[in-house]
Structure formats: structure tokens, C-alpha cells
J.: 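First the structure, then my questions, so here it is.
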There are 2 protein chains.
Amino acid sequence: MVRGKTEIKRIDNDVSRRMSFVKRRAGLLKKANELAVLCDVDLGVLVFSDHGAGAGQPSDYCSPHTSWSELIQRYETITNVQLQDTYDDEDEDADDQMFMFKEIVGLRRERDRLQASLRRQTGEDLPSGATKEELDTLDQQLELALAKVRERKDKLMDQQLDESYHKVTVIL
Amino acid sequence: MVRGKTEIKRIDNDVSRRMSFVKRRAGLLKKANELAVLCDVDLGVLVFSDHGAGAGQPSDYCSPHTSWSELIQRYETITNVQLQDTYDDEDEDADDQMFMFKEIVGLRRERDRLQASLRRQTGEDLPSGATKEELDTLDQQLELALAKVRERKDKLMDQQLDESYHKVTVIL
DNA sequence: TTTGCTATGTATAACAG
DNA sequence: TCTGTTATACATAGCAA
């Protein structure tokens, strides 16, 4: 933050504001991940790119071992505040049913989307029209995942070696 | 962050972990506010203090001019694609409601399971108690996926080379 | 436990290509 | 618009009281 303290007010310049947005959003999501992992807590971050009824995809982070739906449910339970809008018209029953119906439709779609992602991620079902860029991205993701798995395996082996070593010293 | 780089893994010491949690949570919420104000965007942060079904009140931040319910609604609207299916407004009885309710519960569970699989598959969230066998299986799956992606890339390259070749022959 | 300090690592505003 | 660099502000781990 060069040149004096950063005053916390809307950045007027469009270019600067967008640049700041991209950088700070990345920073926020990174911090969120660090907090979740270091302190072993559940949390979620949800960021929309433009504050109108915007077009852009939101970014979000959800800590390991949980999910947005779970976070929201817990929040509701604890605060006793209803976060998800329920329809509040004259005919409550019909509106409840409408809500549930939409929920089911949405959930089925999301399930399908997730299943497709999973199939793609396991190479079972690569999109036939995939471009080189898409394949490269997937390749990188898989390499990264593989590196993480192997790092974990190495740690596990080291741990076991260490245990064996201790056993040996005890025996000796 | 005195004494060497901070490795991003669970802090084992209880006292240190709680201290870090309080400090980092404050930092995260502050950053969230700065991002919302400086860049004029909508966002929310939700943090639970302990990751069990815990007792602690959650902390949250929600950007000015919006609310959690609005954020969640927008997120669902955008993420779930369109909810264009028609809703049958006939009288539905309690059995139907029960059915729908069970369907929702089941679908949410499945979604969570799929999200977890996906995170595991991308190495984002390897189960902490994973055995060597599990890790080996995952390793093999990833290798397989990588091989398929690369095979596809090779085909794509060959195809493009082939096209170039034909162009050349036509020109000649 | 909570508060405050400080050395050091990190995030990022401004700029350049 | 995106990417990389750098100087500076900011966040925070480890202590101490």
C-alpha cells in the first residue's frame, strides 16, 4: 500500500477499483482458507463481483469438512434467524410447497452438475469439444492433486519410519 | 509471523490455536469490510468458532446495502441455473409434503457427499486419517485421469497438425 | 485469560510492459 | 485487460506481564 494510508472508502477510478477487487478478493479467500485450516474451524465466504443484480459468477470459499448448506443451516439454528427466504404470502402451504419444489429442482440440477464435474475430474467423461486450454487446465489441476496426494503419502511413510525407529530403539 | 514461514496446517497447541483464531478472524472480517467498501461489492463472511456441532455464536460480516438472505438467494439463483420448471399448483396433501421434504434432505446429503468427493479428487481436502491404501487408490485414479487427458491432448494436436498438412498440400 | 509489543512475513497500490 | 515488479503498509506469532 504505497503512498500513504489507504482510506477505506469507495475507489472512484474504475480501473483501479477492478484491479483492487481482483487482488483483494484473492487475498480474502486465501486468508479464509488459512483461518479454516490453521484454526480448524468452519467458515464460508461469498463474494459477488458487482453489486447490482449482477451478471458475474460469485466467488466463494467453504472450509474443508463442511458445505454452504450446512453452514447456513447451523447459522439459522444457532441464531434462530431464517436466512433463506421463505415465501410469505397469504397462502402459506402453497408457498411452502413452491419453495420445496424449487429447492428440489435446484438440488437435482446441482447434483447433476457435480456428478459431471466429478466424471470430468476422473477423466471418465471428457467433454468432446474440449479445447486445448481446457485440457491444459484439467491437466494442471490433476498434477496439483497428484502432488498433494504424494506429499501426503511421503509424510505418512516418514511417520511410519519414525515409529519403526522408536520400536527398534525400545527393543535394543 | 516471526520465526520462519507459517505453514498452513492445523495448529496443534490449543492456546496458540485459539489466539490465532481470534486474531485472524478479526483480520478476515476487517479485510472483508475493506473489500466491500473499497470495491463497492456485495459479500458475506460466516465464521463458526469451533467446528463441531459447537456451542459458540458464529461471527459474520455482510457488506452494506445487502443482507445474508439476499446474498444466499442470489447465489442460489446464479448457481442453480434457471428454475424454469413449472410448478403444479394442484392441491397437495401432507403425504406429498413429507415426500418432498425427504427428497430435499436426501438430495442435500448427496450434494454434500459429491462436493466432498470432488474436493478430495482435486486434492483440496484429503481426509486427515487417510490410510496408505486409500492414498494409493487416489493416486492411481489421478494417474489414470491424467493419462486420459493427455491422450486427448495428443489426439487434438495430431488433428491440428493434420489440418495444417492439408492446408499446405492445397497451397502447394 | 486477555492485552500489548515488536520483529518479521504478507498483502497490495502504483506502476510498467 | 492481464501479468509482473516493487516499495510500503498491514497482519500476526511468539512473548511478556
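Letters go in sequence order (proteins before strands), and every chain restarts at 1. Nothing here was measured: the structure is a model prediction, and the numbers come from that model.
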J.: Is there a donor and acceptor pair closer than 3.5 Å between the side chain of A:Lys23 and the base of C:dA11?
T.: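 Per atom types, no contact qualifies.
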J.: What is the distance from CD1 of B:Ile11 to P of D:dT12, rounded to the nearest Å?
T.: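 Interatomic distance, CD1 of B:Ile11 to P of D:dT12: 11 Å.
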J.: With nearest nucleotides of DNA chain D determined for B:Arg25 and B:Met19 from heavy-atom distances, which residue corresponds to the more 5′ nucleotide?
T.: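 Residue closer to the 5' terminus by nearest nucleotide: B:Arg25.
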J.: Nearest whole Å is fine: how far is C:dA13 P from A:Lys9 NZ?
T.: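 Nearest whole value for this atom pair: 15 Å.
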J.: Expressed in angstrom and rounded to an integer, what is the separation of B:Leu35 atom CG from C:dT12 atom C1'?
T.: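 Spelled out: CG on B:Leu35 to C1' on C:dT12 is 12 Å.
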J.: Which is more 5' along DNA chain C, the nucleotide nearest B:Leu38 or the one nearest B:Val15? Just name the residue.
T.: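 By nearest-heavy-atom nucleotide position, the 5'-most residue is B:Val15.
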J.: Does any part of the side chain of A:Leu28, heavy atoms only, come nearer than 4.5 Å to the side chain of A:Arg24, both counted from C-beta?
T.: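 No - every pair of side-chain heavy atoms lies 4.5 Å or more apart.
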J.: Under 4.5 Å between any side-chain heavy atoms of B:Glu103 and A:Met100, yes or no?
T.: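 With C-beta onward as the side chain, the pair stays apart.
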J.: Take the protein atom CG of A:Leu29 and the nucleotide atom P of C:dA11, then report the distance between them rounded to whole Å.
T.: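 Between P of C:dA11 and CG of A:Leu29: 12 Å.
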J.: Is any side-chain nitrogen or oxygen of B:Arg24 closer than 4.0 Å to OP1 or OP2 of D:dA13?
T.: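 Answer yes for this pair, as a side-chain N or O of B:Arg24 is under 4.0 Å from OP1 or OP2.
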J.: Between A:Arg25 and A:Ser59, is there a side-chain heavy-atom distance shorter than 4.5 Å?
T.: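 Touching, per the 4.5 Å side-chain cut-off.
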J.: If the cut-off is 4.0 Å, is B:Ser16 near the phosphate of D:dA13, judged by side-chain N/O to OP1 or OP2?
T.: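 Indeed not, no polar side-chain atom of B:Ser16 lies that close.
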J.: Determine, for B:Lys132 against B:Asp136, whether the closest basic-nitrogen to carboxylate-oxygen distance falls under 4.0 angstrom.
T.: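 Salt bridge: yes.
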J.: If you compare every side-chain N and O of A:Arg18 against the phosphate oxygens of D:dT1 (OP1, OP2), does one of them come in below 4.0 Å?
T.: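 Yes, within the criterion.
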J.: As a test of reading the structure: which of C:dA11, C:dA16, D:dA11 is closest to the side chain of A:Lys30, going by heavy atoms?
T.: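 The listed nucleotide nearest to A:Lys30's side chain is C:dA11.
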J.: Are any of A:Lys31's side-chain N or O atoms less than 4.0 Å away from OP1 or OP2 of C:dT10?
T.: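 No, A:Lys31 has no side-chain N/O under 4.0 Å of OP1/OP2 on C:dT10.
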J.: D:dG14 P sits how many Å from B:Glu7 CD, rounded?
T.: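 About 12 Å, once rounded to whole Å.
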J.: Separation of B:Asn13 atom CG from D:dG14 atom P, in whole Å?
T.: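 Computing the B:Asn13:CG to D:dG14:P distance gives 9 Å.
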J.: May I ask you to decide whether A:Arg17 forms a salt bridge with B:Asp40, counting only side-chain N to carboxylate O separations under 4.0 Å?
T.: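 A salt bridge is absent here (no side-chain N lies under 4.0 Å from a carboxylate O).
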J.: Between B:Ile72 and A:Trp68, is there a side-chain heavy-atom distance shorter than 4.5 Å?
T.: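 Sidechains of B:Ile72 and A:Trp68: no contact.
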J.: Whole angstrom is fine here: how far is it from CZ in A:Phe21 over to P in C:dA11?
T.: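 Distance, rounded to whole Å: 17 Å.
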J.: Counting C-beta onward and ignoring hydrogens, is there a side-chain heavy-atom pair between B:Ser20 and A:Leu38 closer than 4.5 Å?
T.: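 Result no, sub-4.5 Å side-chain heavy-atom pair not found.
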J.: Can you give me the dot-bracket string for DNA chain C, 5' to 3', counting Watson-Crick and G-U wobble pairs with both distances under 3.5 Å, using [ ] for crossing pairs and | for partners on another strand?
T.: .||||||||||||||||
J.: How close or far is atom P of D:dG14 from atom CG of B:Asp12, stated in whole angstroms?
T.: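 Taking atom P of D:dG14 as the reference, CG of B:Asp12 is at 12 Å.
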